[in-house]
Amino acid sequence: MFGSLKAGDKGKIIDISHVGHLVQRRLLDLGITEGSEVCVKCVMPFGGPIMIESCGQCVGIRRKEAVQIEVERI
Amino acid sequence: MEIALIGNPNTGKTSLFNNLTGSYEYVGNWSGVTVEKKVGVFKNNIGHLIDLPGVYTLNPLSKDEGVVTSFFLNESVDRLLNILDASQLERNLHLTLQLLEFEKPALIGLNMIDVANKRGIHIDASKLSGVLGVPVVPVVARSGKGCDKLVDVIATKSIQPTKKNLVYYGKDVEEAITALIAEIIGKTDHSARFLAIQYFEGNEYVQEYVNSIADSEKLKTISANLEIKLQEIYNSKSLANFIYLKRKEVIESIVADVARKSNSDIPLSEKIDSIVTNRILGMPIFLLLMYFMFMLTFDWLGTPLSDALDALLTGPVTVGFEKVLTAINASEFIHALIINGLVAGVGGVLVFVPQIFILFFFISLLEDSGYMARVALVMDRIMESVGLNGKAFIPMMIGFGCNVPGIMAARTIETSRERLLTILLTPLMSCSARLPVYALFVGAFFAGNKAFVVLSLYVLGIVVALILAKIFSSTILKSETSLFVIELPPYRLPQFQSLWRSTWDKGKGFVRKAGTFIFAGSVFIWLLSYAGPNGLNVDMDHSYLAAIGNAIAPIFAPIGFSTWQASASLITGFLAKEAIISTMNIIYFVPNDASLQGLLADYYTPLAAYSFMVFILLYIPCLATVATIYKETASKKWTAFSMIYAFAIAYVLSLIIYQGGRLFGLV
């Protein structure tokens, strides 16, 4: 789970289907989908968004969506 | 020749547009700077260049993305100029493949090669050109490198329609494509294959278009059958996903072919990010930057410059006008019109040009550097708690410059509810036109802590907006869906030239308004103050303007300013907020600011002055803003609502401040 990753951890997305349709589409547009390798860059305080990096680009997503993405630690 | 410029968000389309056409469009380093199409003429006159909002795909999610799709469906274009971000080639090629399916002559500008090289990515442009079957020209859009070559290629080469069918979608999809093409062939000028694929991808704009020319039931059956088939044979999640994966396969093989990777250093961006989006420091850094911006605008740099300009206008310029008027033997009427009306009214507004330019410079700096998207990220938690998302903060920041582009920038917000909410609340952001009013009043009443008092007004605007967002989103604009995915572009060192351009671009509107709107308004206000029921050149207290002001003045008595002068200036403030200043300058007979500040002390107490500033901050958005709200919401109801709620909240808050302050013994 994304929730267990901390800043600096790397992981591979294995299931993104539980995330809302719109967020899923937007992440897909940015090239982030199942199989993508992501790295958590930073985690905002008070349950704020997290910043992830994939293929050299940084994307911010909300915590509640991030925890719905299943990630395998690598 | 019509050439459409199209590409992913934040790939430098507008920079390239400016370089190719010699115009100065609005450029920023955040996704969604361009929200509607803009047309320019090529420097060498070979045709029109159309700048479109950035999109990741032709299947739109937000309104600004819809602009691109409907452009493709409804307008004719001769050539497509696709700009690619070389450092993000894989993502960018998804759009390119869709564009090539559109089967119009196309060419590619390969931008940000410098960024890609720094990241260790090297792309062979001629190889890419070979694979895609269209010309590929490497450019650096920000500096203009390679643009001449690009223009040459556009102008001279007869770009052949592209090699067909770069992507083979598999037997089942291809069969369905053929079946759908059979339904629409001959009924449209567009590529039938393109329409078929977009239809299967679930592109609503295309579906609507295709349904209007063919039997929608038949099309639906083809699509539904295909989806079931794919699910059975390949266990695919959805038709759209299947198409995406097929494209991805092709892209991966292309990229493997043309790109070479080497080791690179950690980009500077990440180092900066570890500080500005730090979990603890992020917010304090943002507030500190804001404080610094206001100190520079109001205390350290802006005020001395404005004072100097004021001295110039009230001294040599007024004397010059007087001399000329005496020399040409102007009548007393003309003399009064020019000195008491125009010089006072227009000059009173022009004095604030330095401060406004400094503010615009900082907003441009925030936009150009890439910090804006980080602010959205840092602010998202707060915005989410009031039913908005972090992206709504960008329109609000832009609104500090001018509410009109701020409201336009709300188009990048994907969900319509959050977009409407942002549009309604952006006018509460204190725009630069309100700034002269504050500058005048803080100079007169709060000289000791100018920047602090002005900052308090800006913060008040934000706080009121957040509280109202919470109220609106839990009452009249209730909905669960919210979307926040934001691209954080790499930082770039702002270039002085482009910074100056965008500062000038924003600031010139203010200067132009002073020359037109404020000019005409000043003449009109002066005439109203010069004429009265008893004839011309009356005592101002018996003028028409006083009569109008007196009629509504009692409304404002409970909030501290019952003079007809205040009421009259509030009316003109609806036309443009800075008109409040020109009106006051005319009413109080003083052609210069310094003595107006002295005079104001006779009419306002400091408490009433603060109440007045709060009222100016919040009351009815200016005419241009109201027109934009109407244009963007296409709803008379919401436009009226935006005016009424603003007035009500302004009145209530001023009442609390004035009456509450008096209870605590403030004056």
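Below, chain A is the first sequence line, B the second, and so on; all start at residue 1.
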Which is it for B:V485 and A:E65 under the side-chain contact (heavy atoms from CB on, under 4.5 Å) test, yes or no, and what are the steps along the way? CA-CA 10 Å; B:V485 175; A:E65 267 111 25; 5.9 Å; no
Taking all non-hydrogen atoms of both residues into account, name the closest pair between A:D29 and B:R91 and its distance. O-CD, 3.3 Å
Which region of B:N92, side chain (C-beta onward) or backbone (N, CA, C, O), has a non-hydrogen atom less than 4.5 Å from a non-hydrogen atom of chain A, or is it both or neither? neither
Below 4.5 Å, heavy atoms only, C-beta onward: do A:R25 and B:L61 meet side chain to side chain? yes
Rounded to the nearest 0.5 Å, what separates atom NZ in B:K248 from atom CG in A:L28? 8.0 Å
Does B:E204, at its CD atom, have more than 12 non-hydrogen atoms belonging to other residues, nucleotides or ligands within less than 6.0 Å? no
Start with the C-alpha gap between A:M51 and B:L488, add the side-chain angles, then the distance that decides, and say whether side-chain contact (heavy atoms from CB on, under 4.5 Å) holds. CA-CA 9 Å; A:M51 181 167 151; B:L488 301 161; 3.5 Å; yes
Which of the residues A:L22, A:I61, A:T33, A:L30 is involved in the greatest number of heavy-atom pairs with chain B at under 4.5 angstrom? A:L30
Side chain, backbone, both or neither: which part of B:N8 has an atom under 4.5 Å from a heavy atom of chain A? neither
If you compare all heavy atoms of B:R381 against all heavy atoms of A:P49, which two are closest, and at what distance to 0.1 Å? N-CD, 4.2 Å
Could you tell me whether B:E384 and A:K64 have a side-chain N and a carboxylate O separated by less than 4.0 Å? yes
Which portion of B:E90 sits near chain A, non-hydrogen atoms under 4.5 angstrom: neither
Above 12 or not: heavy atoms from other molecules or residues under 6.0 Å from NZ of B:K237? yes
Could you give the distance from CG (B:N241) to CD (A:Q24), rounded to the nearest 0.5 Å? 8.0 Å
State the CZ-CD distance between A:R26 and B:E487, to the nearest 0.5 angstrom. 9.5 Å
To check you understand the geometry: which heavy-atom pair defines the closest contact between B:L388 and A:R62, and what is its length? O-NH2, 3.2 Å
What residue in B:N59, B:T415, B:L95, B:V55 has the most heavy-atom pairs under 4.5 Å with chain A? B:N59
